[in-house]
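Input: a single structure, listed below in structure tokens.
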Amino acid sequence: MNQKRKQFFVVTAVIAALALIFAAWMIWGNVTVGVTHYSVVSSRLPASFHQYRILILSDLHNAEFGENNSQLIEIAEKENPDMIALTGDLIDSSRTDITIAEKLVQELVKIAPCYYVTGNHEAWIGEQYQELERLLAEQGVTVLHDASVQLTKGEGSIQLAGLDDPDFTDRDASIQASMLETKLDRMNLTDAYCILLSHRPEAFEVYAGENIDLVLSGHAHGGQFRLPFIGGMVAPNQGLFPKYDAGVYAQGNTTMVVSRGIGNSIIPIRFNNRPEIVSVELLYQG
């Protein structure tokens with residue numbers, strides 16, 4: 001074998017090896033779930049809520065990771081949260097399977113109190129949504145319909161509010177921000193520390209305008225395909241190169257945490273965008 005043929009085979013072998021590594025990495029990044037940890041510091045938080053831990057599960061879209069979502073349950077148990085926030089799109093409107101969501105929450109409620117708000121896919125399944133909500137309620141999940149509840153720990157208390165997805169009312173994107181603003185105004189929230197569960201991160205300016213302390217959201221799927229130094233490429237209701245695709249954002253006194261989500265919908269694969277569960281730890285700073 002001459003030198004040129006040896007070089008050809010070496011180059012071919014290297015390319016093949018790199019292709020296999022890339023394929024394995026792509027598969028791994030679509031069939032496993034990671035955990036992302038964030039800390040949110042606030043002087044407005046009651047001292048008794050210091051180190052209060054919230055687990056965010058968003059955009060399941062009927063996905064299954066392990067039998068009966070054993071991967072998700074194992075992660076939730078290991079994280080040992082004080083509460084679990086389900087921020088919409090538990091199901092997928094194009095292939096709705098309510099049983100998957102039911103089996104998941106059946107185990108999650110054993111770990112911590114679960115609070116749920118709807119996403120656009122719940123709005124799109126019509127009458128089936130009533131069945132989904134009935135099953136969630138039977139399992140002990142608190143469904144927040146444009147309403148708030150009080151969470152108490154020790155001598156302190158905070159507000160937990162939740163917004164229904166605006167697609168339940170009107171799918172015209174041009175008016176949805178004002179709809180959400182009106183809903184928040186009608187809640188008559190107090191001056192106490194407030195956590196808001198809302199599926200829609202694109203309405204961040206609305207939440208900041210209402211002086212919400214912390215927003216927990218999803219919907220953007222991390223931009224689906226993530227590029228180094230750039231971020232997500234496309235997200236629902238934000239289009240190309242979305243502003244709020246994943247991570248932590250701050251404006252004024254408001255912080256928003258956006259989950260990359262767990263499942264997929266229209267686009268069946270992710271790139272450089274591993275499905276995630278988000279853990280948020282609240283820290284009191286006096």
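We use all heavy atoms of the structure for the numbers below, so side chains are in, but hydrogens, waters and symmetry mates are not. Residue numbers start at 1 and run along the sequence shown.
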*Decide whether I212 and V248 are clustered together by the hydrophobic rule: side chain heavy atoms of Ile, Leu, Val, Met, Phe, Trp, Tyr closer than 4.5 Å, transitively.*
no
*Is the CG atom of L18 crowded by more than 12 outside heavy atoms at less than 6.0 Å?*
yes
*asked:* side chain to side chain contact (heavy atoms under 4.5 Å, CB included), that's the test. Do Q159 and Q150 meet it? Break it down for me.
replied: CA-CA 5 Å; Q159 299 169 100; Q150 182 174 286; over 6 Å; no
*Hey, any chance V143 and Y115 share a hydrophobic cluster, counting ILVMFWY side chains that come within less than 4.5 Å of each other, even indirectly?*
no
*Less than 4.5 Å apart, any side-chain heavy atom of F204 and any of K243?*
no
_Please confirm whether the ring centroid of Y129 lies under 6.0 Å from the ring centroid of F168._
yes
*Do we see a donor-acceptor contact under 3.5 Å between the side chains of E79 and H37?*
yes
_K183 bridged to D146 by N-O distance under 4.0 Å_ = yes
*Looking at R200 and D167, does any basic side-chain N land under 4.0 Å from a carboxylate oxygen?*
yes
*With no hydrogens and no angle check, do the side chains of Q224 and N264 hold a donor and an acceptor under 3.5 Å apart?*
yes
*Exercise: identify the closest heavy-atom pair between A235 and A220*: CB-O, 3.7 Å
_Under 4.5 Å between side-chain heavy atoms, counting indirect links through other Ile/Leu/Val/Met/Phe/Trp/Tyr residues: same cluster for V35 and L72 or not?_
yes
*Do T118 and D164 have side-chain atoms, one donor and one acceptor, less than 3.5 Å apart?*
yes
*Does any non-hydrogen side-chain atom of I54 lie less than 4.5 Å from one of I84?*
no
*Is it true that the side chains of E133 and H145 contain a donor and an acceptor less than 3.5 Å apart?*
yes
*Go through E276 and I262 one step at a time and tell me if the side chain to side chain contact (heavy atoms under 4.5 Å, CB included) criterion holds.*
CA-CA 6 Å; E276 74 171 351; I262 297 168; over 6 Å; no
*Are any non-hydrogen side-chain atoms of F225 and I267 less than 4.5 angstrom apart?*
yes
*Could you tell me whether the side chain of Y207 reaches within less than 4.5 Å of the side chain of L180, counting heavy atoms only?*
yes
*Considering residues, nucleotides and ligands other than N253, do more than 12 of their heavy atoms fall under 6.0 Å from its CG?*
no
*Angle class for the H221/H61 ring planes (parallel below 30°, perpendicular above 60°, tilted otherwise)?*
perpendicular
_Less than 4.5 Å apart, side chain to side chain, heavy atoms only: is that true for S265 and H121?_
yes
*Going by an N to O cut-off under 4.0 Å, is there a salt bridge joining R134 and E138?*
yes
*asked:* Tell me whether the count of non-hydrogen atoms from other residues, nucleotides or ligands lying under 6.0 Å of CD in E74 goes above 12.
replied: no
*Between R226 and D245, is there a salt bridge with N-O shorter than 4.0 Å?*
yes
_Run K103 and N69 through side chain to side chain contact (heavy atoms under 4.5 Å, CB included) and show every step you take._
CA-CA 8 Å; K103 288 181 178 179; N69 272 312; over 6 Å; no
_If we check side-chain contact (heavy atoms from CB on, under 4.5 Å) with L86, which of these qualifies: L55, L60, V105?_
V105
*Are side-chain N/O atoms of Y249 and T255 paired as donor and acceptor at under 3.5 Å?*
no
_Looking at R186 and E181, is any side-chain nitrogen of the basic one under 4.0 Å from a carboxylate oxygen of the acidic one?_
no
*Considering only heavy atoms from C-beta outward, does the side chain of R260 approach that of P275 to under 4.5 Å?*
no
*Quick one: are D89 and I91 in side-chain contact, heavy atoms under 4.5 Å?*
no
*P81 to A76 - nearest heavy-atom pair and separation*: CD-O, 3.3 Å
*List the steps and the verdict of side chain to side chain contact (heavy atoms under 4.5 Å, CB included) for S42 and Q285.*
CA-CA 6 Å; S42 175; Q285 185 178 62; over 6 Å; no
_Testing the 3.5 Å rule here: is there a donor-acceptor pair between the side chains of H199 and T87?_
no
*May I ask you to check whether S70 and N68 show a side-chain donor-acceptor distance below 3.5 Å?*
no
*Hey, would you say the F271 and W25 ring centroids sit under 6.0 Å apart?*
yes
